[in-house]
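Read the numbers this way: they start at 1 and go in the same order the structure lists the ligands and their atoms.
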Amino acid sequence: MIPAVPAGTRLLGIAGAPGAGKSTLAGSLGLPIVPMDGFHYADVELVRRGLRDRKGAPETFDAEGYAALLRRVRSGEEGVVAPMFERGLEQPLAGAIPVPATGTVVTEGNYLLLDEPRWRAVRAEIDVVWHVDVDDALRVERLVARHVRFGKTPEAAREWVERVDGANARLVEAARDRADLVVDLSDWTP
Ligand SMILES: Nc1ncnc2c1ncn2[C@@H]1O[C@H](COP(=O)(O)OP(=O)(O)OP(=O)(O)O)[C@@H](O)[C@H]1O
Ligand SMILES: [Mg+2]
C-alpha cells in the first residue's frame, strides 16, 4: 500500500530507477508536482557539452537550477512556475507548472538521493524522500513499452533501456539506503 504523506510536509520527494513508477505514484497523490525531468538540459546545451548520447544521466540535468527552484518553493514564494519535460518533443519546457505557495508539493525524479554535491543540495531542500521499488523485469518491460509508445522501434527501445537506462538505474539503486522510506510498487495498481 502507499504510505500516508506525513503531516506538515512541504516537499515530498519520490526517487527511483527509470520506469519504476515515480510519475505514476506522484500523479496518484492528487498534489502539485515539480518534476526533476523539467531540469533536463535542452538538446542544444547537451550538444554543446558533448552529452547528447547520455541524455538522462545525472550530468545531463541542471541540478543547481532544480535546487534553487525547490528553495523558492520551500520559502513559500508566491508565483513560482516550474518547468516540465515534454515527452513528445523530448525537451524541457520552461514556465509550465504553477506551484502553490502553501501545502504539500511533490517532487519526483531519478537522482534525488545521489551522494554527489549537486544532488545533496537538491536533497537538502526536500523534507521526506521515498524510494520506489518495483520488480526489475516488470520495470524493464514497462520502460521498453513506453519508449515504443513514444516512437522508438522495439530494438532501439531495448538497446536504450539496457545501455542508457540500465547505467542510470544502477546509480539510483546505489542511493536507495539514503531514502526515508522504501515503497514497493510491484503489486500496486494506480
Ligand atoms: N502499477 C502500474 N501498473 C501498470 N503500469 C504502470 C504502473 N506503474 C507505472 N506503470 C507504467 O509504467 C511506465 C513507467 O511508469 P512511470 O512513467 O510512472 O515511471 P517513472 O519512474 O516516472 O519513469 P522515468 O524515470 O522514466 O520518468 C509508464 O508507462 C506507466 O504508465
Ligand atoms: Mg517519470
Side-chain angles (χ1 to χ4, degrees), residues 1-3 5 11-43 46 51 53-63 66 69-70 82-93 96-97 105-114 119 122-123 126 129-154 156-176 178-179 181-190:
M1 277 307 92
I2 303 309
V5 180
L11 277 156
L12 169 70
I14 300 178
K22 300 177 295 293
S23 301
T24 305
L25 173 61
S28 79
L29 296 174
L31 295 166
I33 301 169
V34 173
M36 181 198 89
D37 273 358
F39 293 89
H40 255 292
Y41 289 126
D43 282 354
L46 292 176
L51 293 172
D53 63 341
R54 274 191 286 158
K55 197 168 179 175
E59 63 274 27
T60 66
F61 289 85
D62 176 17
Y66 184 30
L69 185 124
L70 294 179
M84 65 176 282
F85 188 72
E86 222 290 318
R87 277 202 190 275
L89 297 172
E90 289 230 316
Q91 298 290 306
L93 195 61
I97 303 170
V105 172
V106 179
T107 189
E108 56 97 4
N110 293 350
Y111 302 128
L112 310 191
L113 295 170
L114 287 208
W119 295 99
V122 167
R123 171 66 188 91
I126 309 173
V129 182
W130 296 348
H131 171 98
V132 299
D133 227 0
V134 77
D135 171 76
D136 210 56
L138 190 57
R139 183 180 69 80
V140 166
E141 277 324 299
R142 286 176 180 168
L143 209 46
V144 169
R146 197 185 61 196
H147 284 303
V148 168
R149 212 158 54 241
F150 282 91
K152 283 192 167 65
T153 66
R158 286 206 173 274
E159 194 274 334
W160 186 273
V161 167
E162 277 162 29
R163 183 176 56 85
V164 182
D165 293 331
N168 298 337
R170 284 189 286 281
L171 292 175
V172 175
E173 286 307 324
R176 64 178 282 147
R178 300 164 61 81
L181 192 67
V182 175
V183 181
D184 192 330
L185 295 181
S186 298
D187 298 318
W188 176 68
T189 318

Proximal ligand 1 atoms for N110, defined as those under 4.0 Å from one of its heavy atoms | 25 (O)
Going by heavy atoms in the side chains, are H147 and P154 under 4.5 Å from each other?
-> no
If we only count heavy atoms from C-beta on, is the V5 to V106 side-chain gap below 4.5 Å?
-> no
Is any N or O atom of G21, backbone or side chain, closer than 3.5 Å to an N or O atom of ligand 1?
-> yes
Which protein non-hydrogen atom lies closest to atom 26 (O) of ligand 1, naming both residue and atom, and how far is it?
-> R146 NH2, 2.5 Å
Any residue meeting ring pair (Phe, Tyr, Trp, His ring centres under 6.0 Å) with Y66, in chain and number order, not counting sequence neighbours | F39
M84 and D37, any side-chain heavy atoms less than 4.5 Å apart | no
Ligand 1 to A17, heavy atom cutoff 4.0 Å, flagged ligand atoms 21 (O)
Listing by chain and number, what protein N/O/S atoms are under 2.8 Å from the Mg ion (ligand 2)?
-> S23 OG
Which residue and non-hydrogen atom of the protein lie closest to atom 30 (C) of ligand 1, and at what distance in Å?
-> T24 OG1, 3.8 Å
Tell me which protein heavy atom sits closest to atom 13 (C) of ligand 1, plus the residue, atom name and distance to 0.1 Å.
-> R142 CB, 3.9 Å
So, does R178 use its side chain to make a donor-acceptor pair with the main chain of L113 at under 3.5 Å?
-> yes
List every atom of ligand 1 that sits less than 4.0 Å from any heavy atom of R149, numbering the atoms from 1 in the order shown and giving each element.
-> 29 (O)
Which of the atoms of ligand 1 are close to P18, meaning less than 4.0 Å from one of its heavy atoms?
-> 25 (O)
Salt bridge E173-R170, side-chain N to carboxylate O under 4.0 Å = no
With side chains defined as the heavy atoms from C-beta onward, is the minimum distance between V164 and K55 less than 4.5 Å?
-> no
Would you call R158-E141 a salt bridge at under 4.0 Å N-O?
-> yes
Atom indices of ligand 1, in the order listed, that fall short of 4.0 Å to a heavy atom of W188 | 1 (N), 2 (C)
For atom 23 (O) of ligand 1, which candidate among G109, S186, G19, A20 holds the nearest heavy atom?
-> G19
W160 vs D165 side-chain heavy atoms within contact, under 4.5 Å | yes
Ligand 1 to T189 polar contact by distance, N or O atoms, under 3.5 Å = no
Should we say atom CG of D53 is surrounded by more than 12 heavy atoms from elsewhere, each under 6.0 Å from it?
-> yes
Residue, atom and distance of the protein heavy atom nearest atom 21 (O) of ligand 1 read K22 NZ, 2.7 Å
Do the side chains of L112 and W130 get nearer than 4.5 Å, heavy atoms only?
-> no
Mark the output for G16 as yes if a heavy-atom distance to ligand 1 is under 4.0 Å, and as no if none is.
-> no
Got R142 and L138 here, is their nearest side-chain heavy-atom distance under 4.5 Å?
-> yes
Pick whichever of M36, E108, R87 has a heavy atom sitting closest to atom 27 (O) of ligand 1.
-> R87
Would you say I2 and V183 make side-chain contact, with heavy atoms under 4.5 Å?
-> yes
